[in-house]
Amino acid sequence: MDEQALLGLNPNADSDFRQRALAYFEQLKISPDAWQVCAEALAQRTYSDDHIKFFCFQVLEHQVKYKYSELTTVQQQLIRETLVSWLQAQMLNPQPEKTFIRNKAAQVFALLFVTEYLTKWPKFFFDILSVVDLNPRGVDLYLRILMAIDSELVDRDVVHTSEEARRNTLIKDTMREQCIPNLVESWYQILQNYQYTNSEVTCQCLEVVGAYVSWIDLSLIANDRFINMLLGHMSIEVLREEACDCLFEIVNKGMDPVDKMKLVESLCQVLQSAGFFSIDREEDVDFLARFSKLVNGMGQSLIVSWTKLIKNGDIKNAQEALQAIETKVALMLQLLIHEDDDISSNIIGFCYDYLHILKQLTVLSDQQKANVEAIMLAVMKKLTYDEEYNFENEGEDEAMFVEYRKQLKLLLDRLAQVSPELLLASVRRVFSSTLQNWQTTRFMEVEVAIRLLYMLAEALPVSHGAHFSGDVSKASALQDMMRTLVTSGVSSYQHTSVTLEFFETVVRYEKFFTVEPQHIPCVLMAFLDHRGLRHSSAKVRSRTAYLFSRFVKSLNKQMNPFIEDILNRIQDLLELSPPENGYQSLLSSDDQLFIYETAGVLIVNSEYPAERKQALMRNLLTPLMEKFKILLEKLMLAQDEERQASLADCLNHAVGFASRTSKAFSNKQTVKQCGCSEVYLDCLQTFLPALSCPLQKDVLRSGVRTFLHRMIICLEEEVLPFIPSASEHMLKDCEAKDLQEFIPLINQITAKFKIQVSPFLQQMFMPLLHAIFEVLLRPAEENDQSAALEKQMLRRSYFAFLQTVTGSGMSEVIANQGAENVEQVLVTVIQGAVEYPDPIAQKTCFIILSKLVELWGGKDGPVGFADFVYKHIVPACFLAPLKQTFDLADAQTVLALSECAVTLKTIHLKRGPECVQYLQQEYLPSLQVAPEIIQEFCQALQQPDAKVFKNYLKVFFQRAKP
């Protein structure tokens with residue numbers, strides 16, 4: 001062994017030594033006989049250092065896992081002997097090995113077991129047991145080996161090949177036949193021997209029983225002697241959590257419904273008579289969490305039995321099962337209402353499934369109705385925040401409570417399915433009594449009362465939020481509660497959770513305000529003052545900004561009387577906060593986006609005439625434009641890079657805000673109809689100079705580009721005069737990423753305006769292509785993954801651009817570039833189809849080729865194009881799919897092949913018999929294709945149904961590839 005390298009195994013070693021140790025490990029893995037050195041070191045206990053022992057096991061593990069079949073019989077025997085002699089040595093060691101070494105050794109034993117048990121080592125367990133006997137150290141290792149074997153054989157998280165899965169099934173079958181009864185006997189002996197003297201070994205053994213019970217004969221475990229022992233363990237403090245888990249696994253085992261019912265019932269009787277059902281006397285919450293999981297398992301098992309029995313028509317036994325379920329409900333409720341959320345959370349599954357049964361029954365008994373009500377009250381109580389919840393700095397405990405609340409919400413939804421009237425009445429009772437005295441009630445009770453009203457919207461679903469029409473009693477109850485909510489003054493409650501819940505609920509039930517619009521002003525004031533957008537908490541301000549925009553959008557028809565007032569009141573929130581004035585605005589720039597959008601919506605959807613809309617929009621956007629000009633000048637002069645970055649950010653926000661206002665326009669309310677074209681054209685003229693700013697190019701270009709995208713949609717052809725100069729600036733000193741983001745803009749213009757932009761496209765076509773080729777041809781480091789990916793994405797963008805041009809009926813843009821340039825472009829498309837193993841780009845290239853053939857491939861096409869078809873396009877359709885990298889099992893590649901088929905069909909369509917003749921007499925014979933296959937190919941190509949040829953082509957290339 002390289003002693004120097006081994007020094008690097010110590011966690012405290014410096015990085016050079018650690019690197020050397022890693023390299024040494026890699027070297028030993030490759031070496032054909034290094035494992036022998038490690039085996040010897042383990043067998044003879046050469047090293048006392050734990051990290052070196054662990055290292056030796058790692059080398060052995062690698063050998064057994066990946067290279068075992070390369071060893072001779074003698075070498076395989078040596079590995080077995082090494083492990084057994086190491087195990088023997090453990091019996092005599094004064095000190096047990098560290099846990100991490102014992103676990104690693106167990107893994108190696110388990111790997112060897114799955115490799116050898118069926119062939120060379122059928123006596124594996126007997127050999128191990130004969131070494132360990134009842135020695136506590138040996139038993140510990142034996143149990144660890146069993147757990148490692150279980151995870152090799154049945155762990156759902158490990159992905160196995162179908163071959164391994166078959167092998168594992170065979171191993172389990174063989175074990176059931178040959179050794180499981182002996183193993184079970186050994187577990188019983190271990191439990192009996194150590195239950196009072198060695199809790200660690202006993203718990204390990206209980207874990208093994210729990211793991212194996214899922215796939216061995218249950219009667220070996222579910223019998224009097226085992227169950228009585230386990231129940232005994234339930235009364236021993238250090239064992240009872242593991243015993244609980246073990247019983248849970250037994251109860252969870254799939255079996256005949258009647259047998260399962262008997263098993264669960266006998267267990268319950270014993271547990272009840274032993275006093276385990278008296279939850280209030282138990283103080284150990286960790287144990288109760290496990291016990292709750294066990295009760296949940298028993299309850300759900302009985303429900304599965306009931307479902308099967310009903311399905312089989314066995315009404316008598318189903319009745320018994322339901323009776324058994326009903327007798328567990330009182331215990332379930334005690335656990336559900338428990339103050340510890342883990343205990344409560346563990347029983348929710350049983351509770352949910354029980355409600356599902358009640359939903360299926362036509363009539364509920366009084367007791368069942370009382371149960372539903374009790375579950376409802378429990379859910380309402382458990383939804384409440386506790387005193388410790390930290391709203392300002394939410395950590396892991398808070399996140400767990402939020403998850404737990406989601407589980408309770410599912411229960412509430414299920415309660416609504418069982419008895420919607422009862423749920424509505426209960427919520428109304430709680431809501432009304434709480435809001436009557438909200439000033440003197442604790443925040444968590446007020447929050448949960450409003451929360452319940454909020455949750456009703458999903459629990460009692462209606463289409464399109466129509467909660468206030470239809471069912472009269474429900475509509476009036478909800479209307480009543482909403483009226484109370486908005487008139488009670490509870491929006492002034494001094495706790496963020498109540499404030500947020502108020503706004504969330506008001507927005508969720510926005511349809512209420514179309515029924516009672518008189519409440520809109522007071523809610524708007526709540527949004528706009530210290531309760532909402534000017535609240536002392538940033539979290540509340542941020543959420544309110546989003547909710548305010550939703551509220552205004554959904555009630556835009558009711559907003560008309562308040563528009564000017566709102567716009568005046570939000571004036572200060574629209575301030576662009578430049579970096580230098582130190583003024584911390586109330587809202588972040590992301591929140592301001594919502595306020596700008598809201599302002600846009602108010603103006604555009606108002607009933608004002610176009611002149612008034614234009615004036616308001618100008619008032620909204622002029623301050624942005626003025627600020628933009630000043631900041632751009634400052635940026636040009638800024639020296640410090642940090643200051644440049646913050647100025648560029650601020651400029652970008654200004655453009656973003658202007659962009660966002662344009663989202664208010666629609667087909668019904670266009671920019672033109674609202675008289676706002678001029679304002680946005682002014683914005684364009686203000687923002688475009690930023691493209692020629694040499695500083696912070698990325699940030700500025702990206703903002704202006706997004707604005708242009710919006711303006712192409714909103715301003716239509718009025719935007720066209722600005723495109724040429726904008727494009728020119730964006731093509732200057734650009735990187736792959738700039739081009740990649742610029743091309744979609746050109747695609748959008750091409751697809752939208754088509755022939756109108758033909759002159760512009762013809763003019764910028766080659767400059768754009770030169771910029772793309774220049775970037776693609778730049779040398780990059782061989783293993784620079786990100787540069788390679790950027791080039792791949794740019795190549796795709798380039799082909800997408802050509803596809804847009806040809807697909808928009810603008811092929812003359814390419815045709816008018818001069819013969820040499822046209823050829824260069826066509827050659828790049830052929831290369832894209834054949835040479836780069838990128839099926840997405842290949843698919844696009846074949847789409848371009850088939851489009852060009854369709855446009856130019858006829859008798860009156862451009863001179864020389866027919867030659868190009870036969871010299872380049874036809875070969876591309878064969879060379880691409882014949883490449884090794886063209887994987888016909890990959891979905892994207894199959895799509896590329898499908899477009900390749902379309903290309904060949906289009907060539908046949910345009911060139912007729914001449915194409916078939918060329919394939920038959922020249923091209924396919926040059927590929928050494930057999931005459932009968934050539935015949936078959938040409939027949940398939942001439943089929944009128946394109947699908948037939950697509951399917952044939954796939955088969956053709958599958959056969960052709962070795």
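In this chain, numbering begins with 1 at the start of the sequence shown. Source: prediction; values computed, not measured.
Classification of the F551-F527 ring pair by plane angle, with boundaries at 30° and 60°, yields tilted. In this pair, F401 and Y385 present their aromatic rings tilted. The plane angle is within the 30 to 60° band.
Atom-to-atom distance recorded for F291:CZ and F277:CZ is 5.0 Å, nearest 0.5 angstrom. From L294, atom CG reaches atom CD of E249 across 10.5 Å, with rounding to the nearest 0.5 Å.
A heavy-atom distance below 4.5 Å is found between the side chains of K409 and M455. Side chains of F665 and C674 form a contact here, defined as non-hydrogen atoms less than 4.5 Å apart. Side chains of R414 and L410 form no contact here, defined as non-hydrogen atoms less than 4.5 Å apart. In this structure, the side chains of V446 and H495 stay at 4.5 Å or more apart for every pair of heavy atoms. Side-chain atoms of L302 and M261, non-hydrogen and from C-beta on, do get closer than 4.5 Å to each other. Side chains of M482 and T505 form a contact here, defined as non-hydrogen atoms less than 4.5 Å apart. Between E564 and L616, some side-chain heavy-atom pair lies under the 4.5 Å cut-off. Residues D342 and V285 fail the side-chain proximity criterion, which asks for heavy atoms closer than 4.5 Å.
Looking at Q417 and D413, their side chains never bring a donor and an acceptor atom within 3.5 Å of each other. No side-chain donor-acceptor contact under 3.5 Å links S278 and D280. A donor-acceptor contact closer than 3.5 angstrom is absent between the side chains of H535 and S537. There is a side-chain donor-acceptor pair under 3.5 Å between Q367 and N371. At a cut-off of 3.5 Å, with distance as the only test, a side-chain donor of Y404 or S344 sits close to an acceptor on the other residue.
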Inset, instruction - Dump the intermediate steps for side-chain contact (heavy atoms from CB on, under 4.5 Å) on N317 and N312, then the final yes or no. - result: CA-CA 10 Å; N317 279 315; N312 299 342; over 6 Å; no
Inset, instruction - Assess whether side-chain contact (heavy atoms from CB on, under 4.5 Å) is satisfied between I343 and I279, documenting all intermediate values. - result: CA-CA 11 Å; I343 294 167; I279 302 298; over 6 Å; no
Inset, instruction - Could you go through the side-chain contact (heavy atoms from CB on, under 4.5 Å) check for D386 and E339 one step at a time? - result: CA-CA 10 Å; D386 60 20; E339 61 181 16; over 6 Å; no
Inset, instruction - Could you check M444 against E387 for side-chain contact (heavy atoms from CB on, under 4.5 Å), going step by step and ending with a plain yes or no? - result: CA-CA 8 Å; M444 57 280 277; E387 295 281 5; 3.7 Å; yes
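Around atom CD of Q439, more than 12 heavy atoms belonging to other residues, nucleotides or ligands sit under 6.0 Å away. The environment of E283 atom CD is sparse: at most 12 non-hydrogen atoms of other residues, nucleotides or ligands sit within 6.0 angstrom. Annotation: K381, atom NZ; neighbour count of heavy atoms from other residues, nucleotides and ligands within 6.0 Å does not exceed 12.
Remark: the backbone N or O of V604 is paired with a side-chain donor or acceptor of K613 at under 3.5 angstrom. Using modelled atom types, one side-chain atom of R710 and one backbone atom of S662 make a donor-acceptor pair closer than 3.5 Å. A side-chain donor-acceptor contact under 3.5 Å links Q494 to the backbone of S492. Remark: side-chain polar atoms of S292 are not paired, donor with acceptor, to backbone N or O of L288 under 3.5 angstrom. Between the side chain of N605 and the main chain of L602, no donor-acceptor pair closer than 3.5 Å is present. Between the side chain of N390 and the backbone N or O of N393, at least one donor-acceptor pair lies under 3.5 Å. Not one N or O on the side chain of W438 forms a donor-acceptor pair closer than 3.5 Å with the backbone of Y493. A side-chain donor-acceptor contact under 3.5 Å links Q673 to the backbone of T670. The closest donor-acceptor contact from the side chain of Q748 to the backbone of H709 lies under 3.5 Å. Checking side-chain atoms of Q592 against main-chain N and O of A545 turns up no donor-acceptor pair under 3.5 Å.
Salt bridge annotation for K369-E373: absent, with no cationic side-chain nitrogen under 4.0 angstrom from a carboxylate oxygen. One finds no salt bridge joining K262 and E265 here, because no Lys/Arg side-chain nitrogen approaches an Asp/Glu carboxylate oxygen to under 4.0 Å. In summary, D286 and R290 do not engage in a salt bridge, as defined by a charged side-chain N under 4.0 Å from a carboxylate O. With salt bridges taken as basic N to acidic carboxylate O contacts below 4.0 Å, none links D591 and R541. By the 4.0 Å N-to-carboxylate-O rule, R550 lies too far from E510 to be salt-bridged with it. Using a 4.0 Å cut-off between charged side-chain N and carboxylate O, R451 and E504 make no salt bridge. Ionic pairing of K672 and E716 is not present here: no N-O contact between side-chain nitrogen and carboxylate oxygen is shorter than 4.0 angstrom.
Annotation: side-chain hydrogen bond (donor to acceptor under 3.5 Å, both in side chains) contacts involving residues 517-534, sequence neighbours excluded, comprise S491-R531, E516-H519, D529-R531, R534-D572. Applying the ring-ring contact (aromatic ring centres under 6.0 Å, His included) test to pairs two or more places apart or on separate chains, none has a residue in residues 299-357.
The shortest non-hydrogen separation linking K382 to I337 is CD-O, 3.9 Å. Heavy-atom minimum distance, N560 versus S606: OD1-CA, 3.3 Å. Across all non-hydrogen atoms, the minimal contact from A289 to N346 is O-ND2, 2.8 Å.
Taking the side-chain hydrogen bond (donor to acceptor under 3.5 Å, both in side chains) definition, one finds that T484 meets it with nothing, sequence neighbours left out.
Between F443 and F391, the ring center distance clears the sub-6.0 Å criterion.
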